[in-house]
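Beneath this line is the structure, given in structure tokens, with notes to follow.
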Amino acid sequence: MGEHAIPQCFQHLMAKKLLFLLTLLEILLCGQSKFMVYNTSQGIVPGKLNVHLVAHTHDDVGWLKTVDQYYVGSNNSIQGACVQNVLDSMVHALLADKNRKFIYVEMAFFKRWWRDQSEAVQDVVKKLVSSGQLEFINGAMAMHDEAVTHYIDMIDQTALGHQFLKEEFGVTPRIGWQIDPFGHSAVQAYLLGAEVGFDSFFFGRIDYQDRAKRKKEKSLEVIWQGSKSLGPSAQIFAGAFPENYEPPSGFYFEVNDASPIVQDNMQLFDYNVQDRVNDFVAAALLQANITRTNHIMWTMGTDFKYQYAHTWFRQLDKLIHYVNMDGRVNALYSTPSIYTDAKYATNESWPIKTDDFFPYADRANGYWTGYFTSRPAIKRYVRLMSGYYLAARQLEFFRGRVNSGPNTDSLADALAIAQHHDAVTGTEKQHVANDYSKRLSIGYKEAEELVSSSLACLVESPLLTRCQNPVTKFQQCPLLNISYCPASEVDLVQGKNLVIVVYNSLGWRRNEVIRIPVIEANVRVHDSNGIEIESQLLPQAEKYVDLRNYYVKAYLGQTPPKAPKYWLAFTVSVPPLGFSTYTVSTAKRTGSTRSSVDIYKSSEKSKFDVGQGNLKLTFSMDQEKCTNYVNIRNLVEEQVELSYLYYSGYNGTNQKDPQNSGAYIFRPNGTHPINHEKKVPLTVLHGPVLDEVHQQINPWIYQITRLYKGKEHVEVEFIVGPIPIEDGIGKEVATRISTTMETNNTFYTDSNGRDFIKRIRDYRTDWDLEVNQPAAGNYYPINLGIYTEDNKTEFSVLVDRAIGGSSLQDGQIELMVHRRLLLDDSRGVDEALNETDCVGDDCRGLTVQGKFYYRIDPLGEGAKWRRTFGQEIYSPLLLAFAEKDDKDDWMNSRVLTFSGIDSSYALPDNIAIITLQVCVFSLKGFPYPQLYLLWGLTRRWT
């Protein structure tokens with residue numbers, strides 16, 4: 001037992017065994033068995049090995065079944081699970097013995113159950129919480145993922161659960177409990193751990209090589225400092241479980257579990273008390289040998305257990321009773337809080353852990369890095385709704401929350417559930433993914449009503465207290481990305497104008513280009529001062545027409561009208577936490593500038609430039625993948641090659657190692673470059689606002705490269721899909737951006753959109769890595785961006801959703817943009833990641849549209865762009881549309897500009913507002929606002 005003081009407990013071992021035998025003899029002499037009262041009152045015993053038995057259930061907020069199916073216990077042909085039963089039976093089991101304890105984690109389920117209970121039951125539960133028998137751990141709405149979630153979403157869904165607990169029970173959870181996410185982030189440790197006020201943080205999944213080393217060194221439990229810049233304030237006591245979040249082998253006690261129960265009735269066959277006690281002690285000593293101090297934790301439960309709680313507690317009662325009679329170790333009902341307090345009391349020294357626990361592998365070829373990209377459309381939808389929710393809450397605050405009418409609550413709940421580690425990850429069954437999307441859509445529709453009415457109030461009256469029923473009717477365009485916006489596709493007949501209110505949810509003024517589809521060419525744009533501004537018409541690409549026609553019908557069930565011919569682009573200037581107004585009308589003479597269109601065939605050996613400001617790209621037709629990047633302001637020049645490839649998904653059927661590539665696992669079986677389509681000419685659009693280069697890479701990949709006037713970054717839009725599978729091979733599609741930089745195997749990826757963490761190819765800080773998968777083992781989650789640097793420059797790429805990426809060669813950045821696989825990867829979902837959409841009988845593999853942005857800066861100068869522009873990607877400008885005619889004197893009867901911040905002030909670029917909302921709980925009967933500020937630094941975060 002090494003440093004444990006366990007030998008002391010053997011001093012009276014013979015006496016204990018004698019007492020144990022006498023007790024058994026007494027039972028025999030009594031003839032018939034009587035009601036047995038088990039002694040479960042034992043607490044911590046100094047000098048002994050204390051086994052903390054933590055009764056728990058892990059309830060996925062959607063996975064194989066939807067969240068509501070799990071709650072009510074329906075659709076059991078997929079999985080027999082009913083959370084209602086868990087919570088109902090838990091209450092009765094705790095009331096049967098005041099020494100029993102239970103922890104509960106997922107507030108999305110508990111809130112549902114709580115609403116169903118009578119006041120009498122609620123009073124009983126409140127007493128169980130007050131006595132410490134029932135303890136809420138973690139306390140968030142869901143056990144969020146830590147790889148593909150944004151820190152704002154992590155904060156929001158945690159705050160929503162904690163707010164419920166504070167309102168109903170007056171408690172705040174003390175312990176972080178992330179036992180099932182597939183790897184663990186530095187932001188979780190310090191922001192959602194130490195800075196939340198947790199005393200400790202426990203988790204389940206770390207790399208199999210890392211776990212083996214930590215067992216040998218007794219370093220599964222550590223002090224984790226997730227942020228270098230925050231220093232000791234970011235430290236938290238953290239522990240990984242020896243294997244997983246389940247009990248030791250042989251101690252599962254759900255109905256129909258195979259583990260032997262404790263059969264202590266000597267009048268019946270199969271009496272086994274001493275055998276079970278011996279098994280218990282052996283398992284306890286085994287764990288003690290890899291754990292510091294004389295305290296170990298057993299997680300007594302797993303997925304959706306305790307549906308009939310008495311089957312567990314009956315066995316735990318017996319184990320505590322007989323193990324403590326035996327006397328070799330001490331067993332007790334406990335919670336992670338009690339366990340943490342006991343660990344603190346030992347004054348033990350602990351190893352320091354920095355950075356994170358990514359990537360996670362559970363075996364040599366089992367790298368859980370595929371889910372960084374799985375279901376990229378849902379990942380984008382979640383990110384888009386997250387930014388929209390941030391803006392909607394602000395507008396709800398400015399108008400004032402009303403008791404009746406639309407609010408943001410439904411979207412808040414949908415977003416919270418979507419952060420679950422089998423939701424935004426893309427590791428759920430398809431019907432469950434549909435359910436998450438449906439909830440987000442329902443939440444959006446209500447929030448959309450709120451946004452429209454709030455903006456109407458703001459434009460109609462600066463004194464919001466007067467606003468009751470605004471008359472202005474605003475429309476929004478959630479399908480603007482596929483060029484579908486009925487609000488802007490209006491016929492601007494004589495005297496009719498289109499009004500666009502542009503809202504900025506960030507704390508600084510933004511000057512950005514917006515684009516809307518229009519059906520007329522002779523239009524002009526005026527700003528809030530009535531001054532005509534420069535605008536540009538871009539012809540609608542045929543690719544957008546195809547997307548629009550198919551997906552509008554797929555999503556809305558209706559055929560869209562004829563596609564508009566043009567995009568109208570112009571630069572808007574919007575104050576912080578406010579809006580500006582723009583008007584589109586018909587032009588009597590000259591209006592918007594039409595883009596010049598140049599067509600270049602691949603057979604030509606010509607060059608052309610795009611870009612009108614400091615940044616210019618030079619394309620060579622004989623090298624279609626390569627461009628020359630030049631910034632004349634900072635004198636940066638670099639050759640950039642942008643290419644596509646796909647990895648064949650590994651088919652392990654009938655192989656010695658049967659691991660497939662699937663929703664969780666990235667296991668490639670070869671890399672295949674995708675050659676550019678030579679037959680399709682390249683189209684270049686030039687204009688006063690932006691330049692575009694359109695390329696048909698192959699029949700199922702389309703790319704647009706954009707440079708905006710006055711901006712010093714490149715925007716790349718990709719349309720990928722349907723990925724062909726007629727050859728029977730699943731494919732994982734990536735884009736590579738290559739430079740000539742010498743980056744020394746090193747690159748940096750963000751942690752949940754916050755800190756950037758240094759990565760070294762084929763290397764781990766905490767152990768000597770055995771490389772089994774050179775690609776999958778070097779992939780990391782990206783929420784904000786990835787960058788690399790040499791001794792002169794730094795190359796940054798930012799993304800519009802969570803995605804997997806790496807730098808597999810020096811000077812190169814790789815992003816996986818889409819996955820379509822034909823086999824399950826044997827991690828429980830039992831379904832291939834093969835997303836399709838159907839319009840009638842026309843079913844196609846999913847097409848994904850997205851953007852990434854890149855920029856090259858002198859060394860040390862890229863952080864400001866990553867921070868400020870990254871926040872602007874997260875919080876896009878919100879557009880609302882209305883129509884007016886000449887009789888409506890909008891200029892004089894409406895508020896044309898608004899800012900929630902004094903006109904003489906704006907937040908610095910390195911400070912972002914995270915939450916501005918009216919809280920639904922009250923202080924002395926009155927709702928009060930909360931304003932949370934996040935402080936960032938305009939330097940490189942490592």
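A quick note: this is a predicted structure, and the numbers were derived from the prediction, not measured.
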Between A55 and L316 the two heavy atoms that sit nearest each other are CB-CD1, 4.5 Å
- Message: Treating K48 as the side-chain partner and G327 as the backbone partner, does any N or O pair qualify as donor plus acceptor under 3.5 Å?
- Response: yes
Of Y360, F182, W63, F372, the one forming a ring-ring contact (aromatic ring centres under 6.0 Å, His included) with Y664 is F182
Kindly say whether L94 contributes a backbone atom to a donor-acceptor pair with the side chain of Q133 at under 3.5 angstrom? yes
- Any donor-acceptor pair under 3.5 Å linking the side chain of H56 with the backbone of Y245? yes
Looking only at heavy atoms, the pair that brings Y763 and Y780 closest together is O-OH, 4.4 Å
For D145 and T425, does a side-chain donor sit closer than 3.5 Å to a side-chain acceptor?
no
Shortest non-hydrogen pair, I44 vs A342, comes out as CD1-CB, 3.8 Å
task = Would you tell me whether D264 and Y38 have side-chain atoms, one donor and one acceptor, within less than 3.5 Å of each other?
result = yes
| said: If we ignore hydrogens and angles and just use 3.5 Å, is the side chain of S806 paired with the main-chain N or O of N778 as donor and acceptor? | reply: yes
message = Under 4.0 Å between a side-chain nitrogen and a carboxylate oxygen: does that hold for K213 and D766?
response = no
Practice task
Answer whether the closest heavy-atom distance between the side chains of S334 and M297 falls below 4.5 Å.
Solution key: no
Nearest heavy-atom approach of G139 to P173 is CA-CG, 3.8 Å
| said: Quick one about D755 and Y748 (side-chain donor to acceptor, distance below 3.5 Å, no hydrogens or angles considered), yes or no? | reply: no
Whether the side chain of N330 engages the backbone of G43 through a donor-acceptor N/O pair (distance < 3.5 Å, no angle test) should be reported.
yes
(Q) Within the 3.5 Å criterion, strictly below it, is a donor on H420 or Q157 matched to an acceptor on the partner's side chain? (A) no
Which of Y190, F357, F237 passes ring-ring contact (aromatic ring centres under 6.0 Å, His included) with W224? It is F357
Decide, yes or no, whether a salt bridge links R100 with D317 under the criterion of side-chain N to carboxylate O below 4.0 Å. yes
- Sidechain-backbone polar pair: W350 side chain, E348 backbone, donor-acceptor under 3.5 Å: yes
Item to complete: Taking S89 for its side chain and Y306 for its backbone only, find out whether a donor-acceptor pair lies under 3.5 Å.
Response: yes
Taking every heavy atom of S807 against every heavy atom of R761, the minimum-distance pair comes out as O-NH1, 2.7 Å
Exercise for the section: Check whether any side-chain heavy atom of Q188 lies under 4.5 Å from a side-chain heavy atom of M154, and answer yes or no. Expected result: yes
Between the OG1 atom in T172 and the CZ atom in R174, the distance rounded to the nearest 0.5 Å is 11.5 Å
*asked:* Between I338 and Y333, is there a side-chain heavy-atom distance shorter than 4.5 Å?
replied: no
**Report entry** R759/D356 salt bridge by N-O under 4.0 Å criterion
**Finding:** yes
Answer yes if the side chains of N752 and E146 hold a donor-acceptor pair under 3.5 Å, and no otherwise.
no
Under a 3.5 Å cutoff, is there a donor and acceptor pairing between the side chains of T354 and K228?
no
Scanning both residues in full, the closest heavy-atom pair of G176 with N138 reads CA-OD1, 3.3 Å
- Scan side-chain atoms only and decide if Y367 and N772 contain a donor-acceptor pair under the 3.5 Å cut-off. no
Looking only at side-chain N and O atoms, does T346 offer a donor or acceptor that is under 3.5 Å from a partner on T293?
no
Check: Ion pair present between D362 and R827, side-chain N to carboxylate O less than 4.0 angstrom?
Finding: yes
TODO: Report yes or no: does Q419 contribute a side-chain atom to a donor-acceptor pair with the main-chain N or O of V424 at less than 3.5 Å?
DONE: no
Give a yes or no on whether a salt bridge exists between D657 and R667, defined as a side-chain N under 4.0 angstrom from a carboxylate O.
yes
Query raised in the report: Hey, are H52 and N50 close enough side-chain-wise for a donor-acceptor pair under 3.5 Å?
Result: no
Are side-chain N/O atoms of D180 and H58 paired as donor and acceptor at under 3.5 Å? yes
### Task
Report yes or no: is the cationic atom of R211 (NZ for Lys, CZ for Arg) under 6.0 Å from the centre of the six-membered ring of F241, at an angle within 45° of the ring normal?
no
**Prompt:** Any chance the side chains of T57 and D59 put a donor and an acceptor closer than 3.5 Å?
**Reply:** yes
| message | Please check: side-chain N/O of D750 versus main-chain N/O of I782, any donor-acceptor pairing under 3.5 Å? | response | no
>> For L285, is there any backbone N or O sitting under 3.5 Å from a side-chain donor or acceptor partner on N289?
In response: yes
Discussion item. Given the ring of Y151, does R754 sit roughly above its face, with NZ or CZ under 6.0 Å from the centre of the six-membered ring and within 45° of the axis?
Written reply: yes
